[in-house]
Amino acid sequence: MMEGLLLIGLFVLLLLLGVPIAFVIGIVAYVGIVMIGNIPVTTMVQSMFAGLDSFVLLAVPLFILAANLMNQGEISERLIRFAIMLVGHIRGGLAQANIVVSMFFGGISGSSTADTAGVGKILIPSMVKEKYSKETAVAVTASSSTMGMIIPPSIPMVIYGSLVSVSVGKMFLAGIVPGLALGLGLMILVWFFAHRHEYPRHDRVKVKKVLAEGVKSLPPLFTPVIIIGGIMGGFVTPTEAAILACIYAFLLSFLVYRSIRLRDLPEILFDTLKLSSLTLIALSTATALGRLISYYNVPQKVGVFFDTFFPYPWLFLLAVILLFLFVGMYMDTVPAIILFVPIVLPTATAFGIDPIHFGIVIMLCLAVGLITPPYGLCLLLASSIAKLSVGRSFRALIPYLLVILFIILLVAYIPSIAMWIPDTFGNASQ
Amino acid sequence: GSDRGGKVKLIAATQLDSKSAFAEGFREFKKVVEKESDGTVTVEVHTNGDLGGNEDELVQNLQSGSVDLVVASPGFMAQAVKEVDFFALPYLFESRDHWKKAVDGEVGHTVTKMVEQKTDFKILGYWSAGVRNYYGFQPIEEPEDLKGIKIRSQDSPTVRDAWKALGAQPTSVAWNEMYQALQNQVVDAAENDFTNIYQASHHETAKYISLTQHDYTTRLFFTSQQTFDALDEKQQQAFMKAAKAATEAARKADDQLAEESKQKLKKAGVKINKVDTQPFVEKTEPVREKAVQQLGMEALYQKVQELK
Amino acid sequence: MKRWIDRLEWIQLRMAAGFFLLFIGCVILQVASRYLPGVTVLWAPEVATYAFIWTIFMGAAIMVRRQEHFRFDMLVNRLKGRSQLVARIVIHMTILAFGFVLFGDGTTLTQQFWAWSLNSLPQVKQGYVWLAIPVSGITMMIYAIANIRDDIHDYKRKEGELTP
Ligand code: NA
Ligand code: NA
């Protein structure tokens, strides 16, 4: 008990001091293991190694690489242009296009922040130019980019899958419907606002022209087909899908659009490996902390706690939703998964909740954390692009947030929304 | 461990769940050792991979001392002692009795000694994870039926060579991606024991199990010399007694699980057919001989043959 | 000294990129071996995973130099002048300590598993894989010290202002 308090104190102290999160986790794990006394101190470092020793994790840098290759120049602009042609003529057309392009991007990139940065940089200024309020521009951009980690591919899902030992492929499939539902929900909300506040609309573009542009935009939009189709068809595992996406993105950017040159490649490679290291070294130290938690038998104790206070599955799910909404506010998605999933998973399994369904609910909750203060990366990014205070951005975001919360409840209590595709194309009872 | 002879807490860890045969064996070990040592040795059993999610890591953990008791396939022990891979040879044993005679007799004893000489590991008993059989979309009866079949096999060069020798095309797919791979016929077949097939629901798509019985599997139950040396004489006696009881219990649980799974598979409509294994044995003989030679285990291989 | 550190970072970044390319190559081989008849590369996934581990450990060290690891910097950024300098030095020292653990324990583990072999490539020693940890640890230590030196230097030169 004393040890626990001491470790939590150390954790909070180092964190608030500004020591990088990955190192805080590692140091706490190390100190905890030293305090146990009868197991070797090398256990911390050894568990760090074990945390990375998994083929499926290779998908993380590979998906980042694919998105980086695509994001270079032309392709984002082309997708945005196509989205505007598709939905620009609806009232609030540019806002709707912002959501649609995030769906497109969701199918290409594995993270939400990449979407906010890539799309926001272009669309926030154009929305402001069309007399949307900065608040609206930020709110639409940030809220829609949460789809990035729900629509496959998704880096948090790779982390969850490898941590819980469920098929990452099935996690991806389970994300499709909730991700699209999220997009649809946001579009409906924007439609209401657009009519109330008379948002501008673009001229309708002739169907022929849309089709022509569609054909030109088709190649990048083919990426999700490769990834989802490849996994659904069982032709490739997620890691292999990721490499195919990289090869495809490379050929597209290098040969078709000529938006990158060979000499750009080292920089793209360096950026990718630096970004992946940040995420994965945190996963690595968190694995060590997970071991420490097991040595202290914390999961069993937490299980007893949940059994006592949340004796029904629906109540337990609600508790988990609140837990992850809260955790997501203060932590990055990946460390949040690593730290808290192992604690709640045994109880979920005992209640007969499918770990894939459970995972999707958790992903959605953590996506909310991306747009809430104090540590919502998408919110921070979007408001800094718009040069709007975080407080005002967040106030504008609240209705969008409510839509996402509604979707979370739907997905949590109607499991078939998430499970329909993986049950049809995967194994129901793994 | 702690100072020799004091109170000792041992940590047993497996990547499998608490209903598995390994967990059953560990619980028996705990019961016996705690009783026989008058409570001076206690055991904490960790399941579900919470102290290491795969055998690779568990063996490494044992080496560094963060766990005290593990069970692993020969392939993983082979990271440290390559000779142990001997037990993973396809068609090394012809029946469960043959296997028992070998591992509980001189053959097992020789390997145990070899491991103790080359490493700090101490083998406490030979456990099993069932008998591995072929399963796929079509039943097979003779090696010719395997021609061009894409089969997911274990990642050991010898095992692969054996499938190649039989005419099949071995391929590697992660175990938890296998259901989809079968469903979409990326692979045509796989091989495993009844319990694993049933638990992964692979029979929902691959409805034929052919009793090729190519692997009466061996799993090594072991500890480290360091852990063992930290015990006083009385505790060591209790420890060895517990190891024996645990081995019995784990084998029994494994047989039981396999039988239960077999019945459940039959109930689910899976067709199980007998196979004359003789031609399979003959076709894979060169692979075994080559492997035995590479491992330097000719003498022991001879002994195993003689026990038939 | 700064030139030396930059040089070290330059080399390490290229090492990381080299391992990255190696694992990309291995994953491509793995896909190819699934679909091209006659190609069987048993070791591709394992080698890919170990090259990946090297990439991540090298990358993590480089990010120490660049100070780009995820962290809560709200409080530190509010501090000014001398107290900020002190806080930053404490952070660097903490990282230095962590690097020391990685280096020390990493060396022990590398020795412990030196002679073990890879599952799919019995001729390759595991030591080469574990070596990534002490290498990462010692470079983290070097970068942490360099960062301390830079901060003190900055503080003196700009009379209390630190580059964020
Ligand atoms: Na995505
Ligand atoms: Na958007």
Side-chain angles (χ1 to χ4, degrees), chain A residues 14-24 26-27 30 40-46 48-49 52-55 57-62 65 235-237 239-244 246-247 266 269-270 272-285 330-332 334-335 374-375 377, chain C residues 13-14 16-17 19-21 23-24 26-28 30-31 34-35 45-46 48-53 55-64 66-77 87-88 90-91 94-95 97-99 101-102 104-106 108-109 112 129-130 132-133 136-137 140:
Chain A
L14 292 177
L15 209 60
L16 291 182
L17 189 65
V19 176
I21 298 174
F23 297 77
V24 175
I27 289 168
Y30 185 74
V41 291
T42 49
T43 302
M44 192 279 286
V45 175
Q46 203 186 333
M48 279 181 70
F49 180 91
L52 293 176
D53 191 0
S54 150
F55 187 64
L57 284 180
L58 275 62
V60 173
L62 293 178
L65 177 63
F235 306 115
V236 288
T237 63
T239 312
E240 295 166 1
I243 200 81
L244 291 185
C246 286
I247 295 172
L269 212 58
F270 295 155
T272 306
L273 77 88
K274 283 186 284 186
L275 191 61
S276 328
S277 308
L278 295 182
T279 311
L280 289 165
I281 204 70
L283 174 87
S284 153
T285 52
Y330 296 96
M331 284 185 100
D332 210 49
V334 171
Y375 191 64
L377 283 180
Chain C
L13 186 58
R14 271 140 197 87
F19 281 113
F20 196 179
L21 289 175
F23 95 62
I24 289 177
C26 287
V27 179
I28 293 176
Q30 155 78 1
V31 179
R34 180 83 60 81
Y35 291 100
E46 201 177 358
T49 309
Y50 291 140
F52 159 81
I53 290 176
T55 310
I56 301 305
F57 273 106
M58 294 305 102
I62 294 165
M63 294 316 251
V64 166
R66 310 217 170 170
Q67 307 193 36
E68 286 178 34
H69 280 283
F70 298 132
R71 61 200 188 107
F72 289 92
D73 46 11
M74 274 106 51
L75 292 182
V76 190
N77 287 348
R88 285 173 70 152
V90 173
I91 295 173
T94 315
I95 297 174
F98 185 79
V101 171
L102 276 191
D105 289 356
T108 310
L109 289 165
Q112 211 160 40
V129 185
W130 290 91
I133 303 174
S136 178
M140 276 180 189

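The shortest side-chain heavy-atom distance between C/Val129 and A/Phe49 falls under the 4.5 Å cut-off. Here the side chains of A/Phe270 and C/Ile62 are not in contact, with every heavy-atom distance at 4.5 Å or above. Counting heavy atoms from C-beta outward, A/Met48 and C/Leu102 have side chains that approach closer than 4.5 Å. A/Pro20 has its side chain within reach of C/Ile91: a pair of non-hydrogen atoms, C-beta onward, lies under 4.5 Å apart.
Note: A/Ile281 CD1 to C/Met58 CE = 9.0 Å, rounded to the nearest 0.5 Å. Here A/Leu269 contributes atom CG and C/Leu21 contributes atom CG; the two are 5.0 Å apart, rounded to the nearest 0.5 Å. The line from CD1 of C/Ile53 to CG of A/Asp53 is 4.5 Å long, rounded to the nearest 0.5 Å. Note that CG of A/Leu17 and CZ of C/Arg88 are 12.0 Å apart. Values are rounded to the nearest 0.5 Å. The CG atom of A/Leu280 lies 4.5 Å from the CD1 atom of C/Ile56; values are rounded to the nearest 0.5 Å.
Residue C/Ile133 touches chain A through its side chain alone, counting heavy-atom pairs closer than 4.5 Å. Contact annotation for C/Met140: only side-chain heavy atoms (C-beta onward) come within less than 4.5 Å of a heavy atom of chain A. The parts of A/Phe55 that come within reach of chain C are both its backbone and its side chain, each placing non-hydrogen atoms under 4.5 angstrom from that chain. Proximity to chain A (any heavy atom under 4.5 Å) is shown, for C/Leu13, by both the backbone and the side chain. Of the atoms belonging to C/Tyr50, it is side-chain heavy atoms, and not backbone ones, that fall under 4.5 Å from chain A. Looking at C/Thr55, both its backbone and its side chain come within 4.5 Å of chain A, counting heavy atoms on both sides.
Taking the side chain to side chain donor-acceptor pair (under 3.5 Å) definition, one finds that C/Gln30 meets it with A/Glu240, sequence neighbours left out. Taking C/Phe98 as the reference, A/Phe23 meet the ring pair (Phe, Tyr, Trp, His ring centres under 6.0 Å) condition, with sequence neighbours excluded.
Of the residues considered (A/Ala22, A/Pro61, A/Ser276), A/Pro61 shows the highest number of contacts with chain C, using heavy-atom pairs under 4.5 Å. Taking A/Thr43, A/Leu62, A/Val24, A/Ile247 one by one and counting their heavy-atom pairs under 4.5 Å with chain C, the maximum is reached by A/Leu62. With respect to chain C, the highest number of heavy-atom pairs below 4.5 Å among A/Leu65, A/Val19, A/Leu14 belongs to A/Val19. Contact count versus chain A (heavy atoms, under 4.5 Å) is highest, among C/Ile24, C/Val64, C/Val90, for C/Ile24. When each of C/Phe19, C/Trp130, C/Phe23 is scored by its heavy-atom pairs under 4.5 Å with chain A, the top score falls to C/Trp130.
The shortest non-hydrogen separation linking A/Leu278 to C/Met63 is CD2-CG, 3.7 Å. The nearest pair of heavy atoms linking C/Ala60 to A/Ser277 is N-CB, 3.5 Å.
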